[in-house]
Amino acid sequence: MSTSDSEEDSYNERTALVASEIPSVPSYQQDPDQPQPADMEPRRRTVAPEPAAEPPSLDRSAVEREPVDLEEEEELPLKYGAKHVIMLFVPVTLCMVVVVATIKSVSFYTEKNGQQLIYTPFTEDTDTVGERLLNSVLNTIIMISVIVVMTIFLVVLYKYRCYKFIHGWLILSSLMMLFWFSFMYLGEVFKTYNLAMDYPTVAMIIWNFGVVGMICIHWKGPLQLQQAYLIAISALMALVFIKYLPEWSAWVILGAISVYDLVAVLCPKGPLRMLVETAQERNEPIFPALIYSSAMIWMVGMANPARHAEPTNQDTGSSDEEAHRSEGSALARDWVEPETQVSSGMNRSYSTEDDLDEEDRGVKLGLGDFIFYSVLVGKAAATGGDWNTTLACFVAILIGLCLTLLLLAIFKKALPALPISITFGLVFYFSTDNLVRPFMDNLAAHQFYI
Amino acid sequence: MTASVFFGCTFIAFGPAIALFLFTIARDPLRVIFLIAGAFFWLCSLLLSSLVWFITVQISNKESSSQQKGLLIFGVVLSVLLQETCRFGYYKLLKKANEGLLMLSAEETMPISIRQLAYVSGLGFGFMSGAFSMVNILADSVGPGTIGIHGDSQHYFLSSAFMTMAIILLHMFWGVVFFDSCEKQHWWSLAVVVISHLLVSCLTFQNPQYVGSLVPTYIIVFLVGLWAFFCSGGSLRNLKLCLTCKDKDFLLANHRPR
């Protein structure tokens, strides 16, 4: 395994990979000549903004690609590129569907009873519009600073190799998500549909759900089950945000987080980037905690040096509410990565590298991306009964994701997944709500069709 | 009302479209992406037309209902024209993308042909158009209520569902014919597409006299469908071969290796 213990090395391997790419054709590349070391590197690279543990790393989105076989047909990369886009469309859609379905049916998540998170202390129940705007901006500043502080804390922890601390933090977070929040959710669903239920049954259900979730996420389990749990956790987190963030603050926070994401991933001094580079220097796979991965990686041998980092890899941190808020509001970094390695996949199956072919290479997207997309669509569904707005935001976010992946194919480096989608989503939300809605309502009233 | 009306209207309105999606588009990721991009372009056209309509409403006399109706009619016509413009824009974008990819790729052929793109983009437009017209109505039909209690037509939901189905199919056919005429530079057929779209929208001004709007609309659906069939290379001979399962090209193309 090549040891890259200097910036120069990582720079070299990066340029080496860049050089071997097929120019300008969106393609996923893999380096067939370099077995494990190559796998380690791209993995490292992609996992870079990992510190998924840190909730603050929410905003991280990194998109990275791997070099592909030069002999491969150009057409295949386009098809595979499209396949990977769909591999991300499906879970993002599922998460949004779960959130919208819950918002529309369970009224608990749209009731505002004045309770707010400690991260958004300023109330929006003010007399004037100006005051409300000011309060929401202040709330946003506080939230974003918390996220930045957490991210830097994580980078520091990572730099000083406090893996156990990070790992414990993540386990605590996912425990909270899988047990407490799903218990609350189940309770609200029962209340909405007026179902009678006894505590022993609920305890059994939640216990099983939680334990299987912990095992799947932090250890080994079928890929699809793990994906389902990650989607469930993202949806739960998004619902919490929708409930507890005040109206205007939520929108301003969405905007601010996309900007932060952009800065954190692309600026040379951004925390995310520093994290990636540190991980590359150490030749470690950054724990891809809190990352949704769509494919398995098959590895052999290499496992050992990587193993010590593995336990930290599968973390689906969850930004919980008050108690574990410190763990980070960002559940996951927003990463979009094509990786041959699934975060949890590392622990799971080992087979020869020859088994790895095009189809097995997948993409990764940080859970924070899932969460914020779902928050946007959920808020669109919650405010007003208009389905058109929800649909418009949904399509806008998918197109943004598509464009992000296209950029990924072109630039072949870590990219933030939030900015484009959230920008489109916000633009379409406000314009559909204010312009399209009266137009369509008028048309429907007269039954005119366009 | 409630569940039966909801499911009935949903399947009437979206049944053919969903069937088309499931059987021809869902398997191919590239087509799904272009479908969603088509939906996005339709959305953009709607946004622009709503913006213009909104501005005109703001500067007009809000009390006069005839003026408002006139503005709405103007909005409809403008929206139709903008939709066709966006379709043309999407066509141009796809051509450019096609050329770019063809240049870069070592392959001779594109993974997706312009005809498939025409079909997929037309369906994308149709899906979005149908969804925006119908989804709010469907959401209302689930809840309790009585249709037409104030004297309006009682067939509101059903006619909306049928109209939506017609519009979705029409968008798909228009997409095919539109792209084909752009490819062959037949500007007159392009004009016919735009005029038929305008005609269908203007027919709906007669609602709630549904006979006047639905029947001609379905006739137009049938005619444009025939036209699209012949545009995309269909013929009576092809149809006969297909229906009697003797079409060798089709069978070979769909033959899946074991």
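Letters go in sequence order (proteins before strands), and every chain restarts at 1.
Judged by distance alone, the side chain of B:S50 and the main-chain N or O of A:F439 form no donor-acceptor pair under 3.5 Å. At least one donor-acceptor pair closer than 3.5 Å links the side chain of B:T204 to the backbone N or O of A:Y449.
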Please report, to 0.1 Å, the donor-acceptor pairs under 3.5 Å made by any side chain of residues 419-428 of chain A, with sequence neighbours excluded.
{"residue": "A:S421", "atom": "OG", "partner": "A:Y373", "partner atom": "OH", "Å": "3.4"}
{"residue": "A:S421", "atom": "OG", "partner": "A:I397", "partner atom": "O", "Å": "3.1"}
{"residue": "A:S421", "atom": "OG", "partner": "A:L401", "partner atom": "N", "Å": "3.0"}
{"residue": "A:T423", "atom": "OG1", "partner": "A:P419", "partner atom": "O", "Å": "2.5"}

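Using a 4.5 Å cut-off between heavy atoms, B:I36 contacts chain A through both its backbone and its side chain. When heavy atoms are compared at a cutoff of 4.5 Å, B:Y210 approaches chain A solely by way of its side chain, counted from C-beta outward. Proximity to chain B (any heavy atom under 4.5 Å) is restricted, for A:L398, to the side chain, taken from C-beta onward. With a 4.5 angstrom heavy-atom cutoff, B:Q83 touches chain A only via side-chain atoms. Contacts between B:S79 and chain A at a heavy-atom distance below 4.5 Å involve the side chain alone, from C-beta outward. Only the side chain of A:I86 comes within contact range of chain B, with at least one heavy atom under 4.5 Å from a heavy atom of that chain.
In this structure, A:M440 and B:L46 approach most closely via the heavy-atom pair SD-CD1, 4.0 Å. When every heavy atom of B:I167 is checked against every heavy atom of A:I450, the shortest pair comes out as CD1-O, 4.3 Å. The two residues B:A139 and A:W387 make their nearest non-hydrogen contact at CB-NE1, 3.4 Å.
Residue-environment remark: CZ (A:F430) exceeds the threshold of 12 foreign heavy atoms within 6.0 Å. A 6.0 Å sphere centred on CD of B:E63 holds no more than 12 heavy atoms belonging to other residues, nucleotides or ligands. Counted within 6.0 Å of CG on B:L22, heavy atoms from surrounding residues, nucleotides or ligands total more than 12; the atom is thus considered enclosed. Within a 6.0 Å radius of CD in B:Q154, other residues, nucleotides and ligands contribute 12 heavy atoms or fewer.
Residues of residues 53-61 of chain B lying under 4.5 angstrom from chain A, judged on non-hydrogen atoms, are B:W53, B:F54 by number.
Side-chain contact between B:L72 and A:F448 is present, with at least one heavy-atom pair separated by less than 4.5 Å.
In this structure, B:H155 NE2 and A:Q447 CD are separated by 11.5 Å, a value rounded to the nearest 0.5 Å. Considering CG of A:N388 and CG of B:N136, their distance stands at 4.5 Å, rounded to 0.5 Å. With values rounded to the nearest 0.5 angstrom, B:I33 atom CD1 is found 4.5 Å from A:C402 atom SG. In this structure, CG in A:L391 is found 9.0 Å from CG in B:L43, a value given to the nearest 0.5 Å. Separating the NE2 atom in A:H446 from the CD1 atom in B:I73 is a distance of 9.0 Å, to the nearest 0.5 Å.
Per-residue heavy-atom pair counts under 4.5 Å with chain A were compared for B:S160, B:S49, B:G75, B:S159, and the maximum is reached by B:S160. Looking only at heavy-atom pairs under 4.5 Å with chain B, the residue among A:I399, A:V395, A:D441, A:N442 that has the most is A:I399.
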